[in-house]
*Asks:* 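Below is one structure. I have some questions about it.
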Amino acid sequence: MNIKELLQDAIGQAAQDAMTDGVFCLPVLPPVMLEIPPQKEYGDYATNFAMQMARGAKTNPRKIAEAIVERLQFPWMERAEIAGPGFINFYLKPDWLYAMLSDIIAAGECFGQTDAGQGEKVQVEFVSANPTGPLHVGHGRGAAVGSALANLLQMAGYDVEKEYYINDAGNQMDNLALSVNARYLELLGIESDFPEDGYHGQDIIVTAQRIIAQAGDEYLKISQQERLDVFRELARQEKLSILREDLEAFGVTFDIWFSEKCLHENGEIAKTCKALQNNGFIYEQDGALWLKSTAYGDDKDRVVIRDNGVPTYLAADIAYHHDKFKRGFQKVINIWGADHHGYICRVKAAVSALGYNSDDLEVLILQMVNLFQGGEVVKMSKRTGQGVTLAELIEEVGCDAARFFFIMRSIDSQLDFDMDLAKSRSNDNPVYYIQYAYARIASVFRQLEEIDVSVDRKNAVNMELLTTSYELDLIKKMGEFPDEVASAAQERAPHRIARYAHELAGLFHSFYNQCRVIGVDPELQTARIALITAVQITIRQTLKILGVSAPEKM
RNA sequence: GCGCUUGUAGCUCAGGGGAUAGAGCAACGGACUUCUAAUCCGUUGGCCGUAGGUUCGAUUCCUACCAAGCGCACCA
């Protein structure tokens with residue numbers, strides 16, 4: 001049952017009837033927007049529908065509202081009032097809440113699932129860090145937000161695939177090989193210059209040490225070029241498996257790991273460039289090939305094949321996006337760091353040039369993360385003197401807190417990550433606040449079992465006994481969940497689920513402090529068991545989206 | 001200089017044409033012989049960056065300006 005949709009339909013019908021009766025005249029009715037009013041006194045739902053129509057109908061909005069209210073037929077309606085400039089406030093009979101509560105328990109692990117996304121085939125590509133070193137905290141935000149968004153879309157009825165684009169071609173891989181080579185020689189006591197743009201991280205030394213542990217100075221016997229080829233591949237594999245492990249430890253997995261190198265090797269880049277050359281979007285100048293991205297609003301055209309014949313990163317990205325759309329995704333979502341936003345225009349231009357609708361490529365830009373500890377910005381890891389890695393952060397604050405903190409802000413906002421707060425086991429910490437609500441419910445169930453009270457007698461529940469505002473507010477809030485999931489998915493805004501979870505937990509804690517479950521009148525106890533069963537289900541669903549664990553005990 | 005994002009309570013942030021602008025923290029005052037006090041209840045706290053414009057109505061949309069972050073390669 002979706003009370004909101006039913007009410008919307010009833011209002012639409014009433015408006016139609018009013019038009020038939022000649023109260024006002026409009027060629028087409030606007031959609032009925034129902035909202036939860038800012039204050040309880042304004043009822044359970046409200047709409048500005050009459051005000052929306054007043055524009056076109058050139059009629060007093062209050063008059064339209066009256067006509068609608070007079071004709072409205074809705075079984076759960078207690079009364080409807082016209083307020084302010086023309087709002088209609090709807091006050092429903094509490095019965096609808098009881099029906100909703102039963103629905104939640106019946107839905108169980110499926111609660112929140114809707115077909116809002118209509119099975120649309122969506123790809124979410126995120127993290128996609130170069131396999132040249134460890135993930136840092138910025139990647140962590142991308143990983144948490146990307147995986148939560150994928151979960152969210154899935155629950156809202158989209159057909160989701162998660163993908164990691166491995167930038168395993170080009171200069172940075174050569175630099176990686178050169179860096180490993182330099183460390184290798186250095187460790188074997190051979191003097192060598194460290195490459196200027198090399199990777200100075202500790203992890204490169206570890207890689208070189210591993211190579212020595214396995215093969216000693218074996219690689220001194222081959223040419224430098226051959227050695228670099230070997231090291232490039234060895235390092236690539238090692239870095240990749242570390243990335244995969246770190247992400248898995250963070251609760252992040254991918255359906256597909258897509259290699260850039262393959263696009264070079266299997267000729268897809270050349271093929272795509274050829275196609276764009278044929279339809280005039282790639283031209284030659286100064287010995288290089290250029291994408292005519294200015295045709296789609298870019299500041300300047302961009303080189304895709306350098307004058308030395310080597311494709312640029314953009315060339316690979318064009319072929320990559322071509323491949324994505326060829327795979328039949330209706331929406332392609334990329335999550336990029338704010339430092340890549342300047343890149344959006346040219347990739348969208350390429351997508352358009354390839355004959356696709358560039359609106360089907362959605363690039364979500366994630367603003368930067370600043371770590372704070374003791375009120376100070378933490379730029380460097382104490383241990384290594386380099387940027388703080390994701391693995392270090394998880395070790396410090398825990399996986400659950402890290403994920404939640406990364407997700408809880410809108411992606412447009414820079415994130416001030418308060419490590420002290422994330423670590424604190426106190427009421428200040430929103431993660432624990434939510435998990436604690438879940439654990440409290442689990443604890444109540446454990447104690448009920450101890451005194452042999454059955455927890456699944458949901459058929460014989462007299463829900464009408466739930467009458468306090470604490471109980472009714474909880475049910476109301478839970479009832480909003482499927483809608484919240486659908487609209488958060490549509491807005492690509494997983495932070496809304498973090499916020500919702502916090503609000504729901506707050507309502508539960510208030511209830512818990514005010515109403516007892518165990519030991520009250522048996523019928524009321526049964527009803528309250530049903531209530532907290534539903535709360536537990538709903539909190540679990542929110543945590544599932546966020547990728548945060550739901551502890552039975554704390 | 002150009003572009004993207006942001007400017008809302010002391011702090012961190014939601015909201016996003018409409019009814020008295022919300023939450024958490026901080027500050028202050030209360031609640032544990034009772035299902036976990038990692039909790040709850042209450043109080044205090046706002047020219048929604050500035051100036052114009054559109055609108056019956058703007059914190060929300062538009063323009064300019066100011067401030068912060070991030071970009072502006074034949075790097076990725």
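Residue numbers start from 1 in every chain, and the chains themselves are labelled A, B, ... in the order their sequence lines are given, proteins ahead of strands.
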*Asks:* If you only use heavy atoms from C-beta on, which nucleotide in B:C35, B:G24, B:A76 is closest to the side chain of A:R516?
*Replies:* B:C35

*Asks:* Give me the ring orientation class for A:F508 and A:F511: parallel if the planes are under 30° apart, tilted from 30 to 60°, perpendicular past 60°.
*Replies:*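 If you compare the ring of A:F508 with that of A:F511, the planes turn out tilted.
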
*Asks:* From the list B:A37, B:G22, B:A19, which nucleotide is the closest neighbour of the side chain of A:R499?
*Replies:*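 When the side chain of A:R499 is considered, B:G22 is the closest of B:A37, B:G22, B:A19.
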
*Asks:* Counting Watson-Crick and G-U wobble pairs whose two distances are both under 3.5 Å, find the runs of 3 or more in a row that involve RNA chain B.
*Replies:*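 Stem segments, range with range: B:1-7 with B:66-72, B:10-13 with B:22-25, B:27-31 with B:39-43, B:49-53 with B:61-65.
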
*Asks:* Relative to the ring of A:Y320, is the ring of A:Y165 parallel (under 30°), tilted (30 to 60°) or perpendicular (over 60°)?
*Replies:*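 Ring orientation of A:Y165 relative to A:Y320: parallel.
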
*Asks:* The side chain of A:Y42 is closest to which nucleotide in this list: B:C35, B:A19, B:A76?
*Replies:*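 Per side-chain heavy atoms of A:Y42, the pick is B:A19.
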
*Asks:* Between A:F87 and A:Y42, does the ring centroid distance fall short of 6.0 Å?
*Replies:* no

*Asks:* Got a sec, which residues hit salt bridge (Lys or Arg N to Asp or Glu O under 4.0 Å) with A:D400, two or more places apart in sequence or on another chain?
*Replies:* none

*Asks:* So, using salt bridge (Lys or Arg N to Asp or Glu O under 4.0 Å) as the criterion, who are the partners of A:D317 when residues are at least two apart?
*Replies:* none

*Asks:* Let me have the donor-acceptor pairs involving side chains of residues 335-350 of chain A, under 3.5 Å, with sequence neighbours excluded, atom names and distances please.
*Replies:*
{"residue": "A:Y343", "atom": "OH", "partner": "A:L314", "partner atom": "N", "Å": "3.3"}
{"residue": "A:K348", "atom": "NZ", "partner": "A:S358", "partner atom": "O", "Å": "2.9"}
{"residue": "A:K348", "atom": "NZ", "partner": "A:L361", "partner atom": "O", "Å": "2.8"}

*Asks:* Does B:C32 sit syn or anti, given that only angles within 90° of 0 count as syn?
*Replies:* syn

*Asks:* With the stacking rule set at 5.5 Å and 30°, tell me whether A:F87 counts as stacking on B:A19.
*Replies:*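 According to the criterion (under 5.5 Å, under 30°), yes, A:F87 stacks.
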
*Asks:* With A:I318 as reference, evaluate A:L263, A:I282, A:L276 under the side chain to side chain contact (heavy atoms under 4.5 Å, CB included) test and give the passing residue.
*Replies:* A:L276

*Asks:* With respect to the side chain of A:M368, which nucleotide from B:C74, B:G69, B:A76 is positioned closest?
*Replies:* B:G69

*Asks:* Which nucleotide in the list B:G18, B:U20, B:C74 gets nearest to the side chain of A:P85?
*Replies:* B:G18

*Asks:* Set out, line by line, the N/O atom pairs under 3.5 Å between protein and nucleotides 40-42 of chain B.
*Replies:*
{"residue": "B:C40", "atom": "OP1", "partner": "A:Y433", "partner atom": "OH", "Å": "2.3"}
{"residue": "B:C40", "atom": "O4'", "partner": "A:N513", "partner atom": "ND2", "Å": "3.0"}
{"residue": "B:C40", "atom": "O3'", "partner": "A:S510", "partner atom": "OG", "Å": "3.3"}
{"residue": "B:C41", "atom": "OP1", "partner": "A:S510", "partner atom": "OG", "Å": "2.7"}

*Asks:* Base, sugar-phosphate, or nothing for A:K300, non-hydrogen atoms under 4.0 angstrom?
*Replies:* sugar-phosphate

*Asks:* Could you state the interatomic distance from CG (A:L415) to CZ (A:F406), rounded to the nearest 0.5 Å?
*Replies:*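 One gets 7.0 Å once the value is rounded to the nearest 0.5 Å.
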
*Asks:* Counting heavy atoms from C-beta on, name the nucleotide in B:C74, B:U5, B:G15 closest to the side chain of A:D307.
*Replies:* B:C74

*Asks:* Which one, B:G69, B:A14, B:C35, comes nearest to the side chain of A:S413?
*Replies:* B:A14

*Asks:* Using the ring of A:W290 (Phe, Tyr or Trp, six-membered ring only), decide whether A:R302 places NZ or CZ under 6.0 Å from its centre and within 45 degrees of its axis.
*Replies:*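 A:R302 over A:W290 ring: no.
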
*Asks:* Answer yes or no: is there an ion pair linking A:R79 with A:E81, defined by an N-O contact shorter than 4.0 Å?
*Replies:*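 So A:R79 pairs with A:E81 through a salt bridge.
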
*Asks:* Measure from the side-chain heavy atoms of A:A46 and tell me the nearest of B:A19, B:C35, B:G18.
*Replies:* B:A19

*Asks:* When only distance counts, do a donor and an acceptor, one from the side chain of A:H341 and one from the base of B:G3, lie under 3.5 Å apart?
*Replies:* yes

*Asks:* Please report the distance, rounded to the nearest Å, between CG in A:L421 and C1' in B:C13.
*Replies:*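 So the two atoms are 12 Å apart, to the nearest Å.
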
*Asks:* Does a side-chain heavy-atom distance below 4.5 Å link A:Q367 with A:R141?
*Replies:* yes

*Asks:* Looking at side-chain heavy atoms only, is the closest gap between A:I532 and A:F445 below 4.5 Å?
*Replies:* yes

*Asks:* Nearest to the side chain of A:P37, heavy atoms from C-beta on, is which of B:A38, B:C35, B:A19?
*Replies:*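 The answer is B:A19, which lies nearest to the side chain.
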
*Asks:* For nucleotides 9-12 of chain B, print each protein N/O atom paired with a nucleotide N/O atom at under 3.5 Å, atom names and distance only.
*Replies:*
{"residue": "B:U12", "atom": "O2'", "partner": "A:R409", "partner atom": "NH2", "Å": "2.8"}

*Asks:* Choose from B:A19, B:A14, B:A38 the nucleotide whose nearest atom is closest to any side-chain atom of A:N89.
*Replies:* B:A19

